[in-house]
Amino acid sequence: MSLKQDRRNRSWISRFLASLRRAFMSEPPPGLPVLKFHCPDGPDINSASVLSWRSSMAESWDSKTKGNLYAKCVLARMEYYKCAGHPKHEFLLFYFRHWIDGCSAQAVVSADRAMQGQTHSLRQSSELVSPSSSDTNAYDSVSIYGSPRDAAPELQVRYTQYNRLCTFDFPLTSAPSALQVSTVLSLVHLQAPAYHLYENQCYWFSSAVWGSLKVLFPSDQDSECENHHARARYRGFALGSPTEDIKAVCAAYELEWQKMLETLERVKCHHEAEEAKNRQKLHMEFEVKNEPFRQAQQAEIERLRQTEVQQRAEIEQLRARLAALEG
């Protein structure tokens with residue numbers, strides 16, 4: 001085999017391996033950094049409170065598309081989970097559609113409630129410790145794991161063993177965007193910002209978010225539930241009934257979403273004004289930089305004009321002499 005042919009084969013193999021890596025890589029979608037959010041105040045490096053996650057996405061701006069990309073990042077499916085070991089912590093998984101290198105992909109985001117200041121593992125967040133924990137602030141957070149393949153080992157570390165209780169698929173016609181999901185999460189948090197031992201723990205939070213999203217963004221298909229009756233239960237006792245809170249979240253949603261739209265418009269106007277100012281600045285810098293050239297150009301134009309005037313005068317003089325000779 002020739003050296004040239006060998007190089008061509010190695011180049012093809014490299015491209016093929018690169019395409020395989022792209023299929024399983026955990027890189028965040030271009031321009032969507034909040035799908036790989038790092039919050040120094042959270043219990044994990046890839047965790048953020050629901051309020052800060054919402055704020056970060058709302059303030060985002062993509063200069064290429066002149067808009068907010070999170071408004072186009074839609075929720076394909078949500079799943080309800082319960083940890084298998086004590087104390088049966090409950091959490092949600094969201095699967096968001098996005099684009100990487102022009103190809104459709106998914107980003108997995110978990111959402112749950114813990115007590116403020118809880119350590120890395122949330123496996124003990126539902127444990128019934130003492131009534132005094134009702135005075136503790138709740139830490140309602142999202143954690144971002146990348147692709148479903150990358151999420152599996154991370155979820156295993158975070159929650160150890162867990163079982164899926166329910167699945168809800170959103171049709172494209174009614175699927176909420178990441179911005180809308182963050183709005184619902186924030187509203188649920190604001191319904192009960194304190195961690196209450198018997199009423200507003202992880203069971204209540206997961207059920208309230210699940211129920212609110214189903215009501216606000218309905219699907220023609222029912223939920224697929226492997227064990228619906230295991231939800232929001234601790235050792236057989238039902239805890240954290242969110243029925244009234246779901247109604248309150250749904251009632252408050254339209255006004256809160258309108259605030260989000262106003263924020264998006266404010267961010268848009270701000271960036272458009274900044275871009276206009278930058279264009280004007282660049283124009284002025286260009287004018288200043290090119291002023292010597294412009295002046296030299298004007299001087300050359302004036303010189304040429306004077307030369308043309310002089311030549312016309314000489315031509316007129318010649319014509320006058322010719323006319324005198326002919327006369």
Side-chain angles (χ1 to χ4, degrees), residues 3-5 7-8 10-12 14-16 18-19 21-22 25 27-38 52-74 96-105 107 172 177-180 182-183 257-327:
L3 179 61
K4 189 173 183 179
Q5 181 66 31
R7 287 177 177 173
R8 187 180 297 116
R10 280 186 292 173
S11 175
W12 180 88
S14 298
R15 290 196 302 272
F16 175 74
S19 68
R21 284 196 298 271
R22 282 197 297 272
M25 70 185 197
E27 290 298 315
L32 297 174
V34 183
L35 285 182
K36 202 65 178 175
F37 191 92
H38 284 214
S52 63
W53 191 53
R54 178 174 184 257
S55 176
S56 297
M57 287 194 291
E59 297 292 333
S60 174
W61 177 260
D62 181 65
S63 58
K64 292 183 179 179
T65 61
K66 309 296 181 184
N68 189 305
L69 292 179
Y70 297 105
K72 303 175 183 178
C73 186
V74 297
F96 289 100
R97 293 190 186 96
H98 62 76
W99 295 83
I100 293 179
D101 296 334
C103 299
S104 178
L172 282 174
S177 68
L179 292 173
Q180 291 171 308
S182 70
T183 299
W257 179 243
Q258 186 59 41
K259 292 179 182 178
M260 170 66 81
L261 295 178
E262 291 171 359
T263 299
L264 296 179
E265 184 63 25
R266 173 183 58 78
V267 171
K268 176 184 176 183
C269 292
H270 169 74
H271 282 280
E272 287 179 345
E274 285 295 314
E275 290 174 1
K277 184 165 50 173
N278 289 336
R279 285 195 300 268
Q280 184 179 14
K281 181 181 177 182
L282 289 173
H283 177 73
M284 293 177 64
E285 290 176 352
F286 177 81
E287 290 293 323
V288 171
K289 183 178 180 180
N290 287 274
E291 181 62 20
F293 173 78
R294 190 186 67 80
Q295 291 179 356
Q297 189 179 46
Q298 286 295 114
E300 179 64 16
I301 292 173
E302 181 62 22
R303 187 187 68 79
L304 292 174
R305 191 183 68 80
Q306 292 292 344
T307 301
E308 184 181 3
V309 170
Q310 184 179 357
Q311 289 175 345
R312 286 179 178 176
E314 292 175 353
I315 291 172
E316 289 299 324
Q317 290 177 0
L318 288 173
R319 285 177 178 170
R321 290 177 184 175
L322 288 173
L325 290 173
E326 291 175 356

Nearest-0.5 Å distance that lies between atom [atom1] in [X] and atom [atom2] in [Y]:
| X | Y | atom1 | atom2 | answer |
| --- | --- | --- | --- | --- |
| L264 | M57 | CG | CE | 10.5 Å |
| R303 | T307 | CZ | OG1 | 5.0 Å |
| Y70 | F96 | OH | CZ | 11.0 Å |
| H270 | E265 | NE2 | CD | 13.5 Å |
| F293 | Q298 | CZ | CD | 10.5 Å |

**Request:** Kindly indicate, with the supporting measurements, whether the criterion side-chain contact (heavy atoms from CB on, under 4.5 Å) is fulfilled by L318 and E314.
**Result:** CA-CA 6 Å; L318 288 173; E314 292 175 353; 5.6 Å; no

Report the C-alpha distance between R319 and E316 in whole Å, list the side-chain angles of each, state the deciding distance to 0.1 Å, and finish with yes or no for salt bridge (Lys or Arg N to Asp or Glu O under 4.0 Å).
CA-CA 5 Å; R319 285 177 178 170; E316 289 299 324; 3.3 Å; yes

pair [X]-[Y]: side-chain heavy atoms closer than 4.5 Å:
| X | Y | value |
| --- | --- | --- |
| E275 | W61 | yes |
| Q258 | L261 | yes |
| R266 | T263 | yes |
| V267 | N68 | no |

After noting the C-alpha distance and the side-chain angles of E274 and K277, does the key distance pass the salt bridge (Lys or Arg N to Asp or Glu O under 4.0 Å) rule? CA-CA 5 Å; E274 285 295 314; K277 184 165 50 173; 3.4 Å; yes

Over 12 foreign heavy atoms within 6.0 Å of NZ, K66
yes

Original post:
Do side-chain atoms of Q180 reach the backbone of S177 as a donor and acceptor pair under 3.5 angstrom?
Top reply: yes

Exercise. Could you go through the side-chain hydrogen bond (donor to acceptor under 3.5 Å, both in side chains) check for E302 and Q306 one step at a time?
Key: CA-CA 6 Å; E302 181 62 22; Q306 292 292 344; 2.9 Å; yes

In terms of heavy-atom contacts, T183 and L179 come closest through OG1-O, 2.9 Å

